[in-house]
Colleague: 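If you scroll down you'll find the structure; I have some questions about it.
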Amino acid sequence: MTVAEVDLSILVSNLASIRRRVGGRKVMAAVKADAYGHGLEAVGRRLEKAGVDYLAVAFVEEGVRLRRAGVKIPVLVLTALEDEGEAVRQGLTVTVYSERVVPRLERAASGLRRKVRVHLDVDTGMGRIGVPPDQALAVAKRILASDHLVLEGVYTHFSASDDPKDPYTARQLRVFREVLESWRREGLPRPLVHAANSGAVMHVPESWFDMVRPGIALYGYGPGQDPFPGVRPVLSWRTEVFHLKTVTRRTGIGYGHTYTAAPGRMIATLPVGYADGYNRLLSNRGTVLVKGRPVPVVGRVSMDQITVDVTGIGGVEVGTEVTLIGGRGEARVTAADLARLCGTIPYEVLCGIGRRVRRVYVG
Ligand SMILES: *Cc1c(COP(=O)(O)O)cnc(C)c1O
């Protein structure tokens, strides 16, 4: 059986650590994509209990799931507004990422005789979504003139804040400040201002404003090459040996026989594969922990199984626990290690842990 164990007490301690770092500013926790694979409802509920100020999801549907799970605190929808009626009904806060969102929301909110809180996203250089800086003031005025929209916040998103040496973040920040300054000059009420993702929480104190918006740091990882100070990984991923053999002659292992076990090698088969998010690029490259010792993945990762060489590890039998992500000290495998081997980032490794893998909550 394969499980992803999510230690919610570590999540809470990471939140506290981030809060201390930003001097008690408000925290909006990014819980999109099933809380980076950790489980949306459980993570959202625990963060609410721990006093987080805001949650951020990508889609309305994720916000609805949080409401159904009993989460009462504000939830900001960051991305495409796929169902504005549902957003209004569930009391979600909506991102105005384009002027076009305004009339859609107005129609939905007036039809339901409700008000809807919005945050205006200014595209200071990420280049995906958001209102261009030179239109931000006009869109803000349009929102302020509406009877049904409440302009609660304004934000931007950094494209390179994970790299402290990249000067682009300072440029984006300058553009954002100019927008805020133009609002002030025009006498617009100052809404909640936020910009900092984990990278900016780590490297750019000038970007912290009223609230920060970390995701990956809450789950215990840094956004770039360096670990985020003061946080620990929340998730560990474990499975167990379900088949074991000592080969008696040269034996090809797995699809394509990309590995041949010499006589006497002990090969353990584990019930996890790329369908569970154990990336196929880890074929003949990954390391897992057995009895606290690192052992290599041998042969190809297949959809539902991987094979590891446990020769020389005493006491391995069917049912022996194997750690895919977790452990401590020297004998530790992190999502960042697996990401490096796959040429990706820990975000993708965590989000990629499949639905077949049961989430178990402790702490
Ligand atoms: C995902 C996301 C975040 C969090 O980013 P991390 O790098 O995980 O800290 C913050 N803001 C927006 C708009 C996002 O989409």
Side-chain angles (χ1 to χ4, degrees), residues 1-7 10 37-39 220-221 232-342 344 346 349-350 352-363:
M1 209 218 339
T2 305
V3 299
E5 185 183 281
V6 175
D7 189 330
I10 297 179
H38 294 63
Y221 289 91
R232 284 175 294 149
V234 169
L235 181 145
S236 45
W237 190 7
R238 291 193 302 264
T239 186
E240 57 191 42
V241 173
F242 85 103
H243 183 71
L244 189 66
K245 61 177 172 290
T246 301
V247 305
T248 51
R249 51 196 158 82
R250 281 171 55 79
T251 305
I253 303 291
Y255 285 115
H257 284 185
T258 59
Y259 174 83
T260 301
R265 304 306 293 183
M266 187 185 263
I267 305 296
T269 308
L270 316 178
V272 62
Y274 60 75
D276 304 292
Y278 200 84
N279 200 299
R280 192 165 171 277
L281 294 171
L282 296 167
S283 299
N284 291 304
R285 304 189 70 192
T287 296
V288 304
L289 305 175
V290 180
K291 305 259 176 203
R293 302 207 5 224
V295 308
V297 172
V298 293
R300 286 219 176 112
V301 171
S302 49
M303 186 183 286
D304 315 304
Q305 301 173 42
I306 61 176
T307 32
V308 300
D309 185 338
V310 294
T311 310
I313 310 278
V316 178
E317 46 195 67
V318 168
T320 294
E321 183 176 276
V322 177
T323 298
L324 307 171
I325 292 178
R328 50 173 61 85
E330 284 291 282
R332 188 167 107 125
V333 178
T334 67
D337 296 330
L338 299 185
R340 210 170 304 114
L341 289 171
C342 298
T344 185
V349 172
L350 293 170
I353 297 175
R355 303 170 68 112
R356 286 199 304 209
V357 178
R358 196 157 62 86
R359 271 51 172 186
V360 175
Y361 296 94
V362 299

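Keep in mind that what you see is a predicted model, and the values were worked out from it rather than measured.
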Colleague: Without placing hydrogens or testing angles, list every side-chain donor-acceptor pair under 3.5 Å for residues 354-363, not counting sequence neighbours.
Modeller:
| residue | atom | partner | partner atom | Å |
| --- | --- | --- | --- | --- |
| Arg356 | NE | Asp276 | OD1 | 2.9 |
| Arg356 | NH1 | Asp304 | OD1 | 3.0 |
| Arg356 | NH2 | Asp276 | OD1 | 3.3 |
| Arg356 | NH2 | Asp276 | OD2 | 2.9 |
| Arg356 | NH2 | Asp304 | OD1 | 3.0 |
| Arg359 | NE | Gly37 | O | 3.0 |
| Arg359 | NH1 | Gly354 | O | 2.7 |
| Arg359 | NH1 | Val357 | O | 2.7 |
| Arg359 | NH2 | Gly37 | O | 3.0 |
| Arg359 | NH2 | Ile353 | O | 2.8 |
| Tyr361 | OH | His38 | O | 2.6 |

Colleague: Could you grab the distance from atom CE of Met266 to atom CD1 of Ile313, nearest 0.5 Å is fine?
Modeller: 10.0 Å
Colleague: Okay, side chain of Thr251, backbone of Ala261: is any donor-acceptor separation there less than 3.5 Å?
Modeller: no
Colleague: I'd like to know if the side chain of Asn284 reaches the main chain of Gly299, judged simply by a donor and an acceptor atom lying under 3.5 Å from each other, with no hydrogens or angles considered.
Modeller: yes
Colleague: Show, in sequence, the C-alpha distance, side-chain angles and deciding distance for Val241 and Leu270, and conclude whether the side chain to side chain contact (heavy atoms under 4.5 Å, CB included) test is met.
Modeller: CA-CA 5 Å; Val241 173; Leu270 316 178; 3.9 Å; yes
Colleague: To the nearest 0.5 Å, how far apart are CD in Glu317 and CG in Leu244?
Modeller: 9.0 Å
Colleague: Out of curiosity, Ile10 CD1 to Glu5 CD, how far, rounded to the nearest 0.5 Å?
Modeller: 8.5 Å
Colleague: Quick one: pull up OH in Tyr274 and CZ in Arg300 and give me the separation to the nearest 0.5 Å.
Modeller: 10.5 Å
Colleague: Step by step, work out the side chain to side chain contact (heavy atoms under 4.5 Å, CB included) result for Val310 and Val322.
Modeller: CA-CA 11 Å; Val310 294; Val322 177; over 6 Å; no
Colleague: Nearest heavy-atom pair of Gln305 and Thr269: which atoms, and what distance?
Modeller: OE1-CG2, 3.4 Å
Colleague: Can you pull out every salt bridge (Lys or Arg N to Asp or Glu O under 4.0 Å) where at least one residue sits in residues 257-272? Sequence neighbours excluded, please.
Modeller: Arg265-Asp309
Colleague: Could you give me the CA-CA distance, side-chain angles and deciding distance for Leu338 and Asn279, then say whether side chain to side chain contact (heavy atoms under 4.5 Å, CB included) is met?
Modeller: CA-CA 8 Å; Leu338 299 185; Asn279 200 299; over 6 Å; no
Colleague: For the NE2 atom of His257 and the CZ atom of Arg250, what is their distance to the nearest 0.5 Å?
Modeller: 11.5 Å
Colleague: At what distance, to the nearest 0.5 angstrom, does OG1 of Thr2 lie from OH of Tyr278?
Modeller: 12.0 Å
Colleague: What is the minimum heavy-atom distance between Thr320 and Lys291, and which atoms define it?
Modeller: CG2-CE, 4.0 Å
Colleague: With heavy-atom distances below 4.5 Å as the criterion, would you say the side chains of Val272 and Trp237 are in contact?
Modeller: yes
Colleague: Could you tell me which non-hydrogen atom of Gly327 sits nearest to which non-hydrogen atom of Leu289, and how far apart they are?
Modeller: CA-CD1, 4.0 Å
Colleague: Quick check: closest heavy atoms across Leu235 and Ile325, and the distance to 0.1 Å?
Modeller: O-CG2, 3.8 Å
Colleague: Please give me the minimum heavy-atom distance between Glu240 and Gly319, naming the atom from each residue.
Modeller: CB-O, 3.8 Å
Colleague: Can you name the nearest heavy-atom pair linking Val297 to Ser283, along with the distance?
Modeller: CG1-CA, 4.5 Å
Colleague: For Val288 and Val333, run side chain to side chain contact (heavy atoms under 4.5 Å, CB included): C-alpha distance rounded to whole Å, both residues' side-chain angles, the deciding distance at 0.1 Å, then the answer.
Modeller: CA-CA 7 Å; Val288 304; Val333 178; over 6 Å; no
